Amino acid sequence: MKEITYTITDPQGMHARPAGLFVKEAANFACNVTIAKDGKEVDAKRILGVMSLGVKQGQEITLKCDGENEDEAIASLEAFLKENL
Amino acid sequence: MELQGKSVFGGIAIGKLSIYNKGENVVKRTKIDDVEAEVKRFEGAKETAKAQLKGLYEKAMKEVGEANAQIFDVHQMMLDDLDYIESIENMIRSQGINAEFAVATTGDNFSEMFAAMDDDYMRARAADVKDISNRVVSVLQGAEEGGIDSSEPVILVADDLAPSETVQLDKSLVLSFVTRHGSTNSHTAILARTMNIPALIGIDYSDDVNGKFAIVDGYEGKLIIEPDEETLKVYEEKKRADEEKARLLLELRGKENVTLDGKKINLYANIGGVGDVADVLKNDAGGIGLFRSEFLYLGSNDFPTEEEQFKAYRTVAENMAGKKVIIRTLDLGADKQVDYFSLGNEENPALGYRAIRICLTQPEIFKTQLRAIFRASYYGNISIMYPMIISVDEVHEIKAIVAEVKKELDDAGIPYGNVEQGIMIETPAAVLMSEELGKEVDFFSIGTNDLTQYTLACDRQNPKLERFNDAHHPAVLKAIQMTIENGHKGGAWVGICGELGADTTLTETFLRMGVDELSVSPSRILAVREKIRTTDLSK
């Protein structure tokens with residue numbers, strides 16, 4: 001299992017549009033992908049769950065990838081976060 | 001009747017109110033025997049709904065751009081969300097209920113979850129989940145979509161409008177959006193901005209308003225239902241002025257201030273503070289012809305420090321990005337008084353201790369301002385003008401003080417730019433001495449308000465004198481002509497920054513006199529530009 005933490009810098013937080021794009025990105029990988037904030041963990045491939053975290057600017061999330069191609073998945077998703085959020 | 005709400009986009013709309021027809025969507029709970037067939041029915045409806053959303057995405061792309069159309073892409077993803085789908089299918093299978101009821105209930109549950117979040121943006125997403133669920137239910141029921149029950153353009157009134165509802169609307173039928181709920185960053189608000197029509201939220205209307213005549217005031221956030229004739233007249237005039245402005249903007253932005261026969265002049269804006277710069281740029285002024293520095297003194301409890309002034313001047317110069325910014329030095333006195341600096345009681349304040357007279361009597365106040373202006377001049381294209389001049393001696397005195405300020409800056413190694421210096425021509429004495437004054441300075445700016453008052457000996461604060469205080473008086477026009485001619489003789493360019501500069505009935509007269517610059521309030525720039533561009537001086 002691979003794990004990273006990331007702090008959201010987008011002033012609007014993890015709002016619908018980037019959350020949607022992030023979910024699409026996560027869906028490209030076969031491994032399990034989850035994100036967590038303040039101990040609440042959700043499936044990163046489900047948009048309603050991701051949005052329900054209500055992640056705002058300055059808040060830290062933990063991203064976990066577990067399974068097939070987890071190295072590639074975590075690198076790619078981390079790059080996505082840095083670029084978009 | 002008048003209802004107060006909140007404006008999400010300005011403008012005036014006048015027309016009939018029409019309540020949005022949501023379409024019928026009553027969901028009943030029924031028992032189902034073949035649950036797997038019902039699950040299949042749901043899946044089919046979901047795919048149809050997604051196909052509809054794809055169509056809406058493409059329509060919205062054209063209407064409000066990609067960033068705002070994304071919501072329909074997100075909606076499609078929500079319909080594919082496994083939590084959502086599992087919840088619905090699970091309800092159908094375990095409770096043996098119809099798909100409509102399972103979808104509506106699941107939609108409500110998820111929407112409640114968003115509604116309970118502590119973030120405005122996320123709370124607004126509750127409407128999205130409801131919206132996609134309503135769409136699936138409509139497909140399942142074969143129900144018709146909502147719309148506008150009118151063939152003529154109307155003010156559309158609704159409890160709230162979902163993105164999918166607004167994007168489906170026939171936009172040619174909408175004069176304005178008025179909703180009871182909704183937020184300033186809703187899709188409706190974005191659409192209103194793109195369509196450039198007024199929109200209000202938070203208007204608590206009653207259902208009997210349907211079909212009534214009304215006015216939407218998008219500036220004040222008001223809905224006026226069945227206005228009286230007088231109110232209607234006022235708003236019709238406002239609407240006409242808005243339309244005129246919009247037309248001018250469209251036609252004249254970026255165009256030169258040139259007459260039909262090729263005479264070009266500068267058209268600048270008058271401002272009273274840093275906040276006015278946005279208006280200057282929006283209306284496409286070529287520079288700032290009068291930056292009244294009084295706001296720094298009037299809005300303060302003590303003399304503004306050099307640093308405070310420097311910051312304000314620098315900000316304006318930088319925002320104007322190399323375009324000319326003419327700062328008028330302190331013009332207190334007469335009708336402009338401050339508590340911290342008593343000028344004493346005067347019999348005739350308009351003829352009293354004011355403007356440059358204060359600066360030359362108390363040079364420390366003057367020097368602070370000059371230092372701030374010169375320091376700021378390094379960051380843009382700044383000029384200075386001095387108000388209330390009556391003699392060449394005063395100009396000499398000013399020059400001596402400016403030389404001191406420059407030397408101090410040089411000694412301290414503080415950089416400054418090349419600053420043009422001019423004077424306001426607003427006293428008859430300055431007009432009579434204009435030939436001599438023109439040799440001393442780079443430019444003149446004619447302040448027509450005071451020049452009229454002093455030339456005609458008419459107090460402009462006294463309403464009884466209104467009919468005598470005629471800015472079109474031939475004496476005033478002669479004084480302007482004389483100033484322009486003499487200024488040119490001495491090598492100074494000549495502008496007009498008073499109210500007369502914006503008077504389009506005189507634009508041609510001023511052009512014929514040879515004026516080099518007009519400085520008017522930002523909102524008048526384009527009207528004056530239009531006048532210049534339709535004037536032919538060869539005839």
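The chains referred to below are lettered A, B, ... by the order of the sequence lines, with proteins before strands, and numbering in each begins at 1. Since the structure is predicted, the reported quantities are computational estimates derived from the model, not experimental observations.
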Within a reach of under 6.0 Å around NZ of B:Lys59, are more than 12 heavy atoms found that belong to other residues, nucleotides or ligands? yes
Considering all heavy atoms, the nearest A:Ser52-B:Met113 contact: CB-CE, 3.3 Å
Flag yes if more than 12 heavy atoms outside A:Lys37 fall under 6.0 Å of its NZ atom; otherwise flag no. yes
So, the part of B:Met77 with a heavy atom under 4.5 Å from chain A: the answer is both
Rounded distance (nearest 0.5 Å) linking atom CG of A:Leu48 with atom OH of B:Tyr84: 8.5 Å
Any chance NZ of B:Lys54 has more than 12 other-residue heavy atoms, nucleotides or ligands included, within less than 6.0 Å? no
Please state whether the side chain, the backbone, both or neither of B:Met78 comes within less than 4.5 Å of a heavy atom of chain A. both
With a 4.5 angstrom heavy-atom cut-off, is it the side chain or the backbone of B:Asp73 that approaches chain A, or both, or neither? side chain
Segment of A:Lys45 engaging chain B (4.5 angstrom heavy-atom cut-off): neither
Which heavy atom in B:Asp81 sits nearest to a heavy atom in A:Ile47, and how many Å separate them? OD2-N, 2.8 Å
